[in-house]
Amino acid sequence: GLLLKRCTLLSPTNVRLKYIHRILSQVSCFKLSGCPSPFHCSGLQCYGVFLQILTAGWDELECHRVFNFLCELSNLPHKVQTVVSSKPGSSRKLEVRIRLYCRRVLLNHWLHRRDSAFWLTRILKPWPIVNQARLLYIIFGPVSSLDGQVVWQKMIEGPTDEASLKGLAEAIKLLYDPEAREWTADDVISLVDELSVVPREWLMENRARLLILSGNNLCFTFMASKAVNRRAVELARLMVFLTLVSTK
């Protein structure tokens, strides 16, 4: 990463990216659908570390260009469009590919929360809020321990554990952080609301557990939003389940 960074130092960003792609495209495991066994391959992980080293110190405009370049190479927007517009679970292999690519290449390697928030924002923001919620679940939701596929019924069939919600809660905290400047509190609350009906309405206990894991600030703001919008019955039920989950 450092070698290619220094070798291309004097070139414009787009030229640097094309040159680097010409070298790295010879490794099929660096592509979104390039490896036949993505769970047992370190290709995407290595690609993510390489990108982190390459773009360290770059400003946001250049990182925007990097993201757009990666989208063009991987055809990521078209693949995301396929999974968010079809029935959950109908494209299981593609859901897994998108999850692995987004996490291993774009999200897992940043040292600072603002960097993680930047890349997660790039992934989510092009889409309407309904699709943002679906995509967030694909990337951070619970997966099967047998085949790694997204478990869509987990939140509606029965109470779930903290481990199944931890990834979603961490992503929500990332977006609610003041450093995630492109997200308002209302944006995040709307996203949480939308998330809790993916693929259908969650059990109230699971909604309460997600709010608790997402932190006190978001939890209080979420409840205040319900009160301001005169959704008293929903707020009352939520408070009961927040108490039950906290007691458990």
Side-chain angles (χ1 to χ4, degrees), residues 38-39 44-45 48 52 83-84 88-89 92 95-124 129 131-180 183 185 187-223 238 241-248:
F39 287 113
L44 294 180
Q45 193 85 0
Q52 189 269 329
V83 296
V84 298
R92 289 187 179 276
E95 290 171 356
V96 170
R97 295 276 186 179
I98 290 171
R99 179 188 178 99
L100 293 177
Y101 189 84
C102 289
R103 292 182 68 143
R104 294 181 178 180
V105 176
L106 301 174
L107 297 172
N108 282 359
H109 309 290
W110 305 107
L111 302 177
H112 303 292
R113 291 180 62 83
R114 65 176 179 274
D115 294 321
S116 300
F118 171 84
W119 289 96
L120 182 56
T121 299
R122 300 284 69 74
I123 294 169
L124 296 179
I129 186 118
N131 294 345
Q132 288 178 8
R134 179 90 73 91
L135 187 52
L136 198 68
Y137 194 96
I138 289 171
I139 299 173
F140 295 105
V143 293
S144 168
S145 58
L146 298 176
D147 55 18
Q149 294 183 350
V150 179
V151 182
W152 289 100
Q153 306 302 316
K154 185 86 169 179
M155 305 303 170
I156 57 183
E157 289 183 339
T160 191
D161 56 1
E162 287 189 10
S164 298
L165 288 164
K166 186 176 180 181
L168 290 168
E170 289 300 318
I172 290 166
K173 284 196 284 189
L174 202 61
L175 300 178
Y176 194 69
D177 193 290
E179 291 196 10
W183 298 83
D187 289 338
V188 181
I189 288 168
S190 298
L191 182 59
V192 172
D193 245 340
E194 201 63 52
L195 181 64
S196 64
V197 293
V198 172
R200 297 192 303 279
E201 188 171 355
W202 292 11
L203 295 182
M204 188 62 80
E205 181 173 333
N206 294 335
R207 295 179 67 181
R209 192 179 298 280
L210 176 65
L211 286 173
I212 289 173
L213 291 173
S214 297
N216 285 343
N217 289 341
L218 183 131
C219 188
F220 294 153
T221 304
F222 188 88
M223 289 193 293
L238 180 60
F241 279 93
L242 285 169
T243 305
L244 290 172
V245 171
S246 297
T247 302
K248 282 185 179 182

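Keep in mind that the numbers below use all heavy atoms, side chains included, and drop hydrogens, waters and symmetry copies.
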- [ ] Find the distance between CE (M223) and CG (L218) and round it off to the nearest 0.5 Å.
- [x] 10.0 Å
Task: side-chain hydrogen bond (donor to acceptor under 3.5 Å, both in side chains): pairs with one or both residues in residues 97-110, sequence neighbours excluded - done: none
Open item on the list: What I want to find out is whether K166 reaches D161 closely enough, with some N-O distance under 4.0 Å, to be called a salt bridge.
Closed with: no
Open item on the list: Side chains of E201 and R207, heavy atoms from C-beta outward: is any pair under 4.5 Å?
Closed with: yes
TODO: Tell me, with the steps shown, if M155 and L165 meet side-chain contact (heavy atoms from CB on, under 4.5 Å).
DONE: CA-CA 9 Å; M155 305 303 170; L165 288 164; 3.4 Å; yes
Open item on the list: With heavy-atom distances below 4.5 Å as the criterion, would you say the side chains of V96 and F39 are in contact?
Closed with: yes
- [ ] Go through the steps for F140 and L107 under the test side-chain contact (heavy atoms from CB on, under 4.5 Å), then give the verdict.
- [x] CA-CA 11 Å; F140 295 105; L107 297 172; 3.7 Å; yes
Task: Residues in side chain to side chain contact (heavy atoms under 4.5 Å, CB included) contact with L244, at least two apart in sequence or another chain - done: V240, F241
Open item on the list: Tell me the closest heavy-atom pair linking L174 and A117, and the distance in Å.
Closed with: CD2-N, 3.8 Å
Open item on the list: Tell me the closest heavy-atom pair linking P159 and L203, and the distance in Å.
Closed with: N-CD1, 3.6 Å
Using distance only, find each side-chain donor-acceptor pair of residues 208-217 under 3.5 Å and give its atom names and separation, not counting sequence neighbours.
| from | atom 1 | to | atom 2 | distance (Å) |
| --- | --- | --- | --- | --- |
| R209 | NE | T160 | O | 3.1 |
| S214 | OG | L210 | O | 2.8 |

Open item on the list: Walk me through whether V188 and F222 qualify under side-chain contact (heavy atoms from CB on, under 4.5 Å).
Closed with: CA-CA 9 Å; V188 181; F222 188 88; over 6 Å; no
Task: Distance in Å, Q153 CD paired with R200 CZ, rounded so as to fall on 0.5 Å steps - done: 5.0 Å
Open item on the list: Looking at every heavy atom in both A133 and V198, which two are closest together, and how far apart are they?
Closed with: CB-CG2, 4.0 Å
Open item on the list: Tell me every residue that passes side chain to side chain contact (heavy atoms under 4.5 Å, CB included) with S190, counting only those two or more places apart in sequence or in another chain.
Closed with: I129
Task: Closest non-hydrogen atom pair between Q132 and L191, with its separation - done: CB-CD1, 3.8 Å
- [ ] Report the distance from atom SG of C102 to atom CG of L135, rounding to the nearest 0.5 Å.
- [x] 6.0 Å
- [ ] If the plane angle is over 60° it's perpendicular, under 30° parallel, otherwise tilted; pick one for W152 and Y137.
- [x] parallel
TODO: Could I get the full list of ring pair (Phe, Tyr, Trp, His ring centres under 6.0 Å) partners for F118, not counting sequence neighbours?
DONE: H64
Task: Distance in Å, I139 CD1 paired with L100 CG, rounded so as to fall on 0.5 Å steps - done: 11.0 Å
Open item on the list: With rounding to the nearest 0.5 angstrom, report the CD to CG distance, Q52 to L111.
Closed with: 5.0 Å
TODO: Carefully, step by step, assess L238 and M204 under the rule side-chain contact (heavy atoms from CB on, under 4.5 Å).
DONE: CA-CA 7 Å; L238 180 60; M204 188 62 80; 4.0 Å; yes
Task: Salt-bridge present (R92, E95; N to O < 4.0 Å) - done: no
TODO: Enter the distance from I156:CD1 to N206:CG here, rounded to the nearest 0.5 Å.
DONE: 10.0 Å
- [ ] Can you sort out the partners of W183 under ring pair (Phe, Tyr, Trp, His ring centres under 6.0 Å), two or more places apart, ordered by chain and number?
- [x] none
